[in-house]
There are 2 protein chains.
Amino acid sequence: MATKTKARREDLRLKLIDLAEAQITEQGLASLRARDLAKAGECSVGAIYNVFTDLNGLVLQVNGRTFQRLGKQVASAITDMETAPACERLIALSHAYLDFAQNNYRLWNALFGIKMTSDSNIPAWYQTTLDLLFAHISKPVSEIFPEFNAADTQLMTRGLFSSVHGVVLLGLQQRASSAEISRMLTLILSNISQNKVF
Amino acid sequence: MATKTKARREDLRLKLIDLAEAQITEQGLASLRARDLAKAGECSVGAIYNVFTDLNGLVLQVNGRTFQRLGKQVASAITDMETAPACERLIALSHAYLDFAQNNYRLWNALFGIKMTSDSNIPAWYQTTLDLLFAHISKPVSEIFPEFNAADTQLMTRGLFSSVHGVVLLGLQQRASSAEISRMLTLILSNISQNKVF
DNA sequence: CCCCTATATTGAACACTGTTCACTGGAGGC
DNA sequence: GCCTCCAGTGAACAGTGTTCAATATAGGGG
């Protein structure tokens, strides 16, 4: 029956995602090669294209995993912090983001290294996970700025996320030390909250 | 004589930089092709490699031009603003950065799209221009935070630059409107300066 | 249990990259 | 005008991702 074929395909699918994830982790996105993948997965090059539309599709699956791990890890940084000041929660979130990016540098970089041609196919999980992240930021933001209207709250939330992303991105790219990047995040976020932490 | 050869090479060099710049402006960095360049420049593919070490070297020259224009344009945003509050100068700088990125989107993107293999060859002008940008930011920062020591001033400067970069990068990538990105920058910078502008 | 057909898998071939280097043509000294 | 020598050439090379005619296999019907 067709189940056997389907099961084999699903096995291959998972195996290829695992292999691609390992390869990106060890050598970076740019090192991913269809022929190497086929050899490591003990299948033909063509088989990859039976299971994914193209290599980008495979990377998208890896990114899905990465992004979900990122979401969970950042979220877990503020569990048991409900009572902490909003400013401290923001800082904890940003440091969790930094930690993840540092400990998963190549996978994290692959999130943004994908070719975004034919923009329509940005997967749903991307926006979903991002929205979840934004929700975590949005809460402290509305506590710090209760006078903001909805639009400004959303813009400040997106802006702060982008800020933290920028600091981490450029910081890691220029090989700044963990302490320096950490300090930059703290300086910015604590001053935005008008609640200086020196 | 050798002067003639040298002059011809120099002409070709400039012509190729112009052509590459035009191509990136119109179709983006990913569309740059050695053969197309040779055809447009009325030379052989090999001639390109007589004048540049490789295509990356050519792109580096284009990026040099772009980065210098960026530096000038951002700097000019705060000439005649010496008397303005530091916060407003920061916002003006960030908006100038946004304007440049918007009006030169593909060239600006090419600044970060270059392959950074063999990291040693990051050109001197890169750090020089960046230092100049940092100097412009550093001045308002030390006015707003006179109590900061030198290390923190530098970290806040780099942090704010990275923040603005992040907001512009993600903003333009997600096709946010100019007004939204502008507002995000204003919200963040005016609150950091504890000098709200609503 | 054994065909037989529809479907899945294969990997050589294709289209396209950047880069090289043995050749060639012409510039410039004698 | 001849003869070096060297700059310019572009066909060839080494790698990519992707395809698709050929092959192998699955699994239902006799």
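Proteins get letters first, then strands, A, B, ... in listed order; numbering begins at 1 in each.
In this structure, A/Arg8 places its CZ atom 10 Å from P of C/dA8, rounding to the nearest Å. One interatomic measurement links the two molecules: CD of B/Gln23 to P of C/dT17, which rounds to 11 Å at whole-angstrom precision. For the pair A/Leu58 CG and D/dG17 P, the interatomic distance rounds to 11 Å; values are reported in whole Å. Taking atom CZ of A/Arg13 as the reference point, atom P of C/dT9 lies 14 Å away to the nearest angstrom. Atom CG in B/Asp54 sits roughly 17 Å away from atom P in D/dG15 (whole-Å rounding). Regarding B/Leu55, its CG atom lies at a distance of 15 Å from the C1' atom of D/dG15, rounded to whole Å. Atom-to-atom, CD of B/Glu10 to P of D/dA7 comes out at 16 Å; the value is rounded to the nearest Å. Distance B/Ile48 CD1 to D/dT9 P: 11 Å, rounded to the nearest Å.
Residue B/Glu42 places its CD atom among 12 or fewer non-hydrogen atoms of other residues, nucleotides or ligands, all under 6.0 Å distant.
Side chain of A/Gln154 to main chain of A/Ala151: no donor-acceptor pair is present (N/O by atom type, distance under 3.5 Å, no hydrogens or angles). Under the 3.5 Å distance criterion, the side-chain polar atoms of A/His136 are left unmatched by any main-chain donor or acceptor of A/Leu93. When atom types are taken as modelled, the side chain of B/Asn191 and the backbone of B/Leu187 share a donor-acceptor pair closer than 3.5 angstrom. Under a 3.5 Å cut-off, the side chain of B/Asp54 and the backbone N or O of B/Tyr49 do not form any donor-acceptor pair.
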Just the atom pairs and distances: protein N or O near nucleotides 21-24 of chain C's N or O, under 3.5 Å.
none

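Distance from the side chain of A/Arg9 is smallest for C/dT9 among the nucleotides D/dT9, C/dT10, C/dT9.
Ion pairing of A/Glu143 with A/Arg89 is present here, as a side-chain N (NZ or NE/NH1/NH2) and a carboxylate O approach within less than 4.0 Å.
Residue pairs satisfying the side chain to side chain donor-acceptor pair (under 3.5 Å) criterion with at least one member in residues 11-32 of chain B, sequence neighbours excluded, are listed as follows: B/Arg13-B/Gln61, B/Asp18-B/Arg65, B/Glu21-B/Arg65, B/Gln23-B/Ser31. For residues 124-133 of chain A, the side chain to side chain donor-acceptor pair (under 3.5 Å) pairs, not counting sequence neighbours, are A/Gln127-A/Asp131.
The stretch residues 28-41 of chain B touches DNA chain D through B/Arg35, each having a heavy atom within less than 4.0 Å of the strand.
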After noting the C-alpha distance and the side-chain angles of B/Met156 and A/Met184, does the key distance pass the side chain to side chain contact (heavy atoms under 4.5 Å, CB included) rule? CA-CA 6 Å; B/Met156 183 58 111; A/Met184 284 193 259; over 6 Å; no
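Distances shorter than 4.0 Å separate none of the side-chain N or O atoms of B/Ser44 from OP1 or OP2 on D/dG10.
The two residues B/Ser190 and B/Ile91 make their nearest non-hydrogen contact at CB-CD1, 4.2 Å.
Take A/Asp36 and apply the side chain to side chain contact (heavy atoms under 4.5 Å, CB included) test, not counting sequence neighbours, and it matches A/Arg33.
Across the helix from C/dC1-D/dG30 to C/dC30-D/dG1, the helix axis at one end is tilted relative to the axis at the other end by 20° (nearest 10 degrees, each axis from five pairs).
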